[in-house]
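Beneath this line is the structure, given in structure tokens, with notes to follow.
All values derive from a computational prediction rather than experimental measurement. A note on names: the letters A, B, ... follow the listed sequences, proteins ahead of strands, and every chain is numbered from 1.
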2 protein chains.
Amino acid sequence: MAGSAVTIRDVARLAGFSVASVSRVLNESGKVTDETRESVMKAVNALGYSPNIAARSLSTARSQAIGVVLPDMHGEFFSELVRGIDRAASESGYLLLLSNIHADPAMADHALAAMRGRVDGVIVMAPQLAETERERALPRGMPAVLINSPGNQGHHALRIDNAGGVKAMVGHLLDTGRRTIVHFGGARQNFDAFERQQAYREAMAELAPELPVRVLEGTFDEASGAALAQRLIDEGLPVDAILAGNDMMALGALFTLRNAGVSVPEQVAVAGFDDVPLARFLDLSTVSVDIVGLGTRAVELLLETMNAATQPPRTELSNTRLILRASTQKAT
Amino acid sequence: MAGSAVTIRDVARLAGFSVASVSRVLNESGKVTDETRESVMKAVNALGYSPNIAARSLSTARSQAIGVVLPDMHGEFFSELVRGIDRAASESGYLLLLSNIHADPAMADHALAAMRGRVDGVIVMAPQLAETERERALPRGMPAVLINSPGNQGHHALRIDNAGGVKAMVGHLLDTGRRTIVHFGGARQNFDAFERQQAYREAMAELAPELPVRVLEGTFDEASGAALAQRLIDEGLPVDAILAGNDMMALGALFTLRNAGVSVPEQVAVAGFDDVPLARFLDLSTVSVDIVGLGTRAVELLLETMNAATQPPRTELSNTRLILRASTQKAT
DNA sequence: TTGAAAGCGCTACCAC
DNA sequence: GTGGTAGCGCTTTCAA
């Protein structure tokens, strides 16, 4: 292993003390005289010693590391989530052991197993993994917190508040006088897409039961949003608002409408979900999710679990914020 | 430590074999009869056993993990780089130990020290850390590969080919008839900003020594690009091309010019560097860097170092690609 | 082919 | 306050 050359024994020998004392100095545990501390530290510096953490882990039965298992994601969401997790983890003295799992369940098994003994707990985001598969893959007794993953057997879980976000946006569209609001949904298998579609239906039913409900199903990408918008244009544009399941679809719709000479927001309002950086540039109204906060909170919950395993599992919703920009607001 | 309940000894007991045999089965080392293998595997499954990797690391002196030390970055660059590193690492059976270092050199020390004994090598991106500080923080004998970091004492290093990218773009601008090309530079302390500015001067000197050279210094963000563009407008726009040090500056310039009624690219061409996702949406010509490839390559070099420490250190440049879009091309 | 046992580097307990 | 040492869970000789 890298850097293993000098061990605690070398330090002890050079300092003229026992390994026990060296350990005490390094861990600030137990009593040592200033003299002892000084000789030990001198030896440490002279040798460029840093302790072997694997050995320490083995001895203390804790690794001071948190496992993070994420799907293969692109862009902002990934970096923000990792940033949040890292921030909270390093504040508490934990390092991150990262593993991307791709669609394959066998990889999840492998990734989780590989973490055994190197982490004190894991944060798992596996929207594509069935609950049973996930639980089988999770090593026995490994504290875990779930993010946007199906089921919640015995673990704390965190979810994006899709329902709250969508409902707020539907409310805004209604408040600004929209009457025929169509939803562009993502693929059915996608957990967030599913929840957002549900939320749209519920919000309409609750806030404006007399108004028509319509869902067009797409795939959460720009091209799909463009195609669906084109379909509406071909129909003679029988709508005055498009609530897309995510920003990329919304942007696709935005471009297509503008290219077709439809004025946004005058004729049609367009709204997204996620608040990707592009949204700000293109003046798209959307729902923003506090991703950094999601990561931070996941760490908090995990630490709580690790320190008191018998907490009843909770599911929390992460905050969501309505971001109103030009794409839904008539100029005043 | 998490999941430590069942050990190799429990498996051995249940299987009716020694721990040595269990180890052999699990590692596919040495000879075992099919019977033995079978009983062992049965016991493993029954107990839900997975080996404690910290113990294995200690015993084998290798951890099958790679340390990744990155600055606190936002967005696409971070996720793409980690994706590339993760992809290559997991293909070779390595896990990633991640640590964000912030500006503080003490944190770098801490992060690197914390990796000792848990990783077989590290990939370090520390553009803000002086070479001496970095080398002091790096535990003795730890194989390391540098990304976009100053100096290269004894380590393989990878850099973005800023010079090549800028030169190609300058060439393109000249080819399309631009004659007064001004460069919007980033902050002087920023390594990439510095290199790109240098490259601009060199490219101009080489390709068009008769043309004027002008650099306006900014800060690599949108507002800065906007401000510098405004300055040019106030001067009566004595340029026909803006080569920004990065995309965000270019976008700031783009908006400001358009709002001022300046037509891009007819009156002024605008080019960036990085190819952020926004660039495609806003039809900005730019230079794209293969970030995933950068990460992948870093892992390859690291594995090479770990397996044959006595290679002479090399510095490689990562490929760069000219992306030509509407912002620099006169419509034909 | 299998088992016993010696470490890997460290921490923590127990004596002094 | 300090040192000796047993173990943490695993791999890997060395004998049998």
Check residues 35-47 of chain B and write down every donor-acceptor pair under 3.5 Å in which the side-chain atom is one partner and the other belongs to a residue at least two apart or another chain.
residue: Thr36(B); atom: OG1; partner: Thr33(B); partner atom: OG1; Å: 2.5
residue: Ser39(B); atom: OG; partner: Glu35(B); partner atom: O; Å: 2.8
residue: Asn45(B); atom: ND2; partner: Met41(B); partner atom: O; Å: 3.2

Does His156(A) reach the side chain of Glu304(A), with side-chain heavy atoms less than 4.5 Å apart?
yes

Under 3.5 Å donor-acceptor, Asn27(A) side chain and Ser23(A) backbone
yes

Expected output is a numbered-order residue list: members of residues 20-27 of chain A with a heavy atom under 4.0 Å from any atom of DNA chain D. What is it?
Ala20(A), Ser21(A), Arg24(A)

Spacing of Asn52(B) atom CG relative to dC8(D) atom P, expressed in whole Å:
12 Å

With sequence neighbours left out, what residues match Arg159(A) under salt bridge (Lys or Arg N to Asp or Glu O under 4.0 Å)?
none

Nucleic acid contacts - residues 36-44 of chain A versus DNA chain D, non-hydrogen atoms under 4.0 Å:
Thr36(A)

Short side-chain N/O contact to dT2(C) OP1/OP2 from Thr33(B), under 4.0 Å:
yes

Roughly, in whole Å, what's the span from CD1 in Ile53(A) to C1' in dT11(C)?
13 Å

Given the rule in the side-chain contact (heavy atoms from CB on, under 4.5 Å) test, do Leu112(B) and Val69(B) qualify, once you have shown the distances and angles that lead to the verdict?
CA-CA 8 Å; Leu112(B) 255 2; Val69(B) 178; 3.6 Å; yes

On DNA chain C, check which nucleotide each of Lys31(B) and Ser29(A) is closest to and give me the residue with the more 5' one.
Lys31(B)

When rounded to the nearest 0.5 angstrom, what is the spacing between OG in Ser149(B) and CG in Leu158(B)?
10.0 Å

For a quick check, tell me whether the side chain of Ser59(B) and the base of dG9(D) share a donor-acceptor pair closer than 3.5 Å.
no

Below the 4.0 Å mark, does dG3(C) have OP1 or OP2 next to a side-chain nitrogen or oxygen of Ser18(B)?
yes

Given atom CG of Asp10(A) and atom P of dC8(C), what is their separation to the nearest angstrom?
11 Å

Are any of the side-chain heavy atoms of Ser99(B) and Ser90(A) separated by less than 4.5 Å?
no

Just so I know, are the side chains of Asn190(A) and Phe194(A) near enough to count as touching, which here means a heavy-atom distance under 4.5 Å?
no

Show which side-chain atoms of residues 10-19 of chain B pair as donor or acceptor with protein atoms under 3.5 Å away, not counting sequence neighbours.
residue: Asp10(B); atom: OD1; partner: Arg13(B); partner atom: NH1; Å: 3.3
residue: Asp10(B); atom: OD2; partner: Thr7(B); partner atom: N; Å: 2.8
residue: Ser18(B); atom: OG; partner: Ala20(B); partner atom: N; Å: 3.4
residue: Ser18(B); atom: OG; partner: Ser21(B); partner atom: N; Å: 3.2

For His155(B) and Pro313(B) the tightest heavy-atom approach is O-CB, 3.4 Å

Spacing of Arg118(A) atom CZ relative to dC10(D) atom C1', expressed in whole Å
13 Å

In whole angstrom, what separates Arg9(A)'s CZ from dG3(D)'s P?
15 Å

Under 4.0 Å between a side-chain nitrogen and a carboxylate oxygen: does that hold for Arg136(A) and Glu133(A)?
no

Helical bend (five base pairs per end, nearest 10°) for the helix from dT1(C)-dA16(D) to dC16(C)-dG1(D):
40°

What is the separation between atom OH on Tyr49(A) and atom P on dG9(C), rounded to the nearest whole Å?
10 Å

Whole-Å gap separating P (dG9(C)) and CZ (Arg13(A)):
12 Å

Among the candidates dT2(C), dG3(D), dG9(D), find the nucleotide nearest to the side-chain atoms of Phe17(B).
dT2(C)

Closest non-hydrogen atom pair between Leu97(B) and Met115(B), with its separation
O-CE, 3.3 Å

For atom CD of Gln64(A) and atom C1' of dT11(C), their distance in whole Å:
14 Å

